[in-house]
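Take a look at the structure below.
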Protein chains: 2
Amino acid sequence: MSANNTQFSIAIHLMAGLGYGVRADLTSTDLAGSVNACPSFVRRILSKLSKAGLVRTMRGKSGTCQLARAAGDITLLDIYEAVDAPKVFAVHSYPAQNLCPVSCGFKHMIDKVLENVQLSFEETLTKTTLADVIEEIKKGT
Amino acid sequence: MSANNTQFSIAIHLMAGLGYGVRADLTSTDLAGSVNACPSFVRRILSKLSKAGLVRTMRGKSGTCQLARAAGDITLLDIYEAVDAPKVFAVHSYPAQNLCPVSCGFKHMIDKVLENVQLSFEETLTKTTLADVIEEIKKGT
DNA sequence: ATATTTGTTACCCTAAAAGAAACAATTCCG
DNA sequence: CGGAATTGTTTCTTTTAGGGTAACAAATAT
């Protein structure tokens, strides 16, 4: 499993871990255990979440992480943006063939299509909050 | 540029090339010129489009490709499905940590979220047809 | 028959992303 | 003050998905 980008998914997992309620604050090692990834990688993602203001971290001895605000006030879009996950689809890049009208006009068109689709995707992400996610986890177990 | 999946984008390019109207039928080499990829790779994608019934191909000498139906009757979703492009986001896989409720319930939850988001994404793809795409290209040049 | 084209396979190369380790920066606590 | 523990950041390695390319089988027009 690699050469995809799973940081969005992992970030949701981390946030759910922090919001679940076992304990209010956890260390990167605690979280790494739940995700089954190495603490260093977890910290890289946590750092992004912290910079985005979704997580409050404390350095130093007995340093921990906790949610910066209520789970109901955090949407999946917040998390998606925090980790700077890839777009919904990738566009091939190529040197335009000047003789071919499709080749010349394609970039402009596909950028427009991607923008529309991306916006629509992000709109749907706003409809689910971290609280919904946590509730669904509790329901499923 | 690699380790992304650009086949959806390339497939749209190919379909636009076929539907643009320069000529009704083109060879994989013609199309490869427009996309600026090697003919072999283009054929791999064309083959998928053909199997999905979006493109009609003819083998042998003076073999060609053409759209199997009107551009207005082909949506972006048809193309997306034909090339079996990746989902809107990837989910990390990991062995569940039995002690942790989040770890145990996460998979179920994230699959559900992905399904919802994916369906919504695909719904928006149905709203754009190949004819729209071609028109947009013509407008842009 | 021959030439030309699609269809398919196989292999290589590249780049993205995860895994891991190291170390700096910070802070608690004795 | 000093040591221990934790986050933050960098660096390097490893893995792997996917594009690039070539080769060749299958098909068909001439």
Side-chain angles (χ1 to χ4, degrees), chain A residues 1-11 13-14 18 23 25-33 35-66 68 82-87 89-95, chain B residues 1-11 13-14 18 23 25-33 35-66 68 82-87 89-95:
Chain A
M1 180 246 330
S2 125
N4 260 6
N5 188 321
T6 56
Q7 289 193 30
F8 179 40
S9 162
I10 293 177
H13 193 142
L14 298 177
L18 290 171
R23 284 211 307 283
D25 45 13
L26 297 167
T27 68
S28 62
T29 308
D30 297 333
L31 289 165
V35 180
N36 215 281
C38 75
S40 185
F41 182 47
V42 167
R43 283 203 297 275
R44 236 184 301 177
I45 300 175
L46 274 174
S47 172
K48 290 184 186 178
L49 293 169
S50 168
K51 280 176 183 160
L54 302 181
V55 163
R56 225 185 342 259
T57 58
M58 283 282 296
R59 284 183 162 194
K61 188 164 183 176
S62 72
T64 51
C65 308
Q66 53 187 281
V83 298
D84 195 34
K87 305 280 184 190
F89 68 84
V91 173
H92 64 292
S93 65
Y94 62 95
Chain B
M1 183 245 328
S2 123
N4 261 6
N5 188 321
T6 56
Q7 288 191 32
F8 179 41
S9 160
I10 293 177
H13 194 143
L14 297 177
L18 290 171
R23 285 210 307 281
D25 46 12
L26 298 166
T27 67
S28 62
T29 307
D30 296 333
L31 289 166
V35 180
N36 214 282
C38 76
S40 187
F41 182 47
V42 167
R43 284 203 297 277
R44 238 184 297 176
I45 300 175
L46 274 174
S47 172
K48 291 183 184 178
L49 294 169
S50 168
K51 279 175 182 160
L54 302 182
V55 162
R56 223 184 346 255
T57 57
M58 283 281 297
R59 284 183 161 193
K61 186 162 182 177
S62 72
T64 52
C65 308
Q66 53 187 279
V83 298
D84 196 34
K87 305 281 186 192
F89 68 84
V91 173
H92 64 293
S93 65
Y94 63 96

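Lettering of chains follows the sequences in order, A, B, ..., and the numbering in each one begins at 1.
A donor-acceptor pair under 3.5 Å links the side-chain atoms of B:Ser9 to the main chain of A:His92, judged by distance alone.
Distance from the side chain of B:Thr27 is smallest for C:dT6 among the nucleotides C:dA18, D:dG18, C:dT6. Here the nucleotide nearest the side chain of B:Thr57, chosen from C:dT6, D:dG8, D:dG19, is C:dT6. Nearest nucleotide to the A:Ser40 side chain, out of C:dA21, D:dT7, C:dA18: C:dA21. Nearest nucleotide to the side chain of A:Cys38, out of D:dA22, C:dA17, C:dG19: C:dG19.
We find that CG of A:Asn5 is positioned 18 Å from P of C:dA15, with the value rounded to whole Å. Across the protein-nucleic acid pair, A:Ile10 atom CD1 and C:dA17 atom C1' stand 10 Å apart, rounded to whole Å. The distance from atom CG of B:Asn4 to atom C1' of D:dT16 is 13 Å, rounded to the nearest whole Å. As a whole-Å value, the separation of A:Arg44 CZ from C:dA22 C1' is 13 Å.
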Report, as a single string ordered 5' to 3', how protein heavy atoms within less than 4.0 Å touch nucleotides 24-30 of chain D: B base, S sugar-phosphate only, - not at all. --BBBB-
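Annotation: the terminal axes of the helix from C:dA1-D:dT30 to C:dG30-D:dC1 meet at 10°, where each axis is the rotation carrying the C1' atoms of four end pairs onto the next four (5 pairs per end, rounded to 10°).
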Full working for side chain to side chain contact (heavy atoms under 4.5 Å, CB included) between B:Cys65 and B:Leu26: CA-CA 5 Å; B:Cys65 308; B:Leu26 298 166; 5.7 Å; no
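Nucleotides of DNA chain D nearest to B:Asn36 and A:Thr64 differ in position, and the one nearer the 5' end is that of A:Thr64.
If you check every strand for non-hydrogen atoms under 4.0 Å, B:Lys51 touches sugar and phosphate atoms only. The residue B:Phe41 sits close to a base: some heavy atom pair falls under 4.0 Å.
Remark: A:Gln7 is in phosphate contact with C:dA18, judged by side-chain N or O atoms under 4.0 Å from OP1 or OP2.
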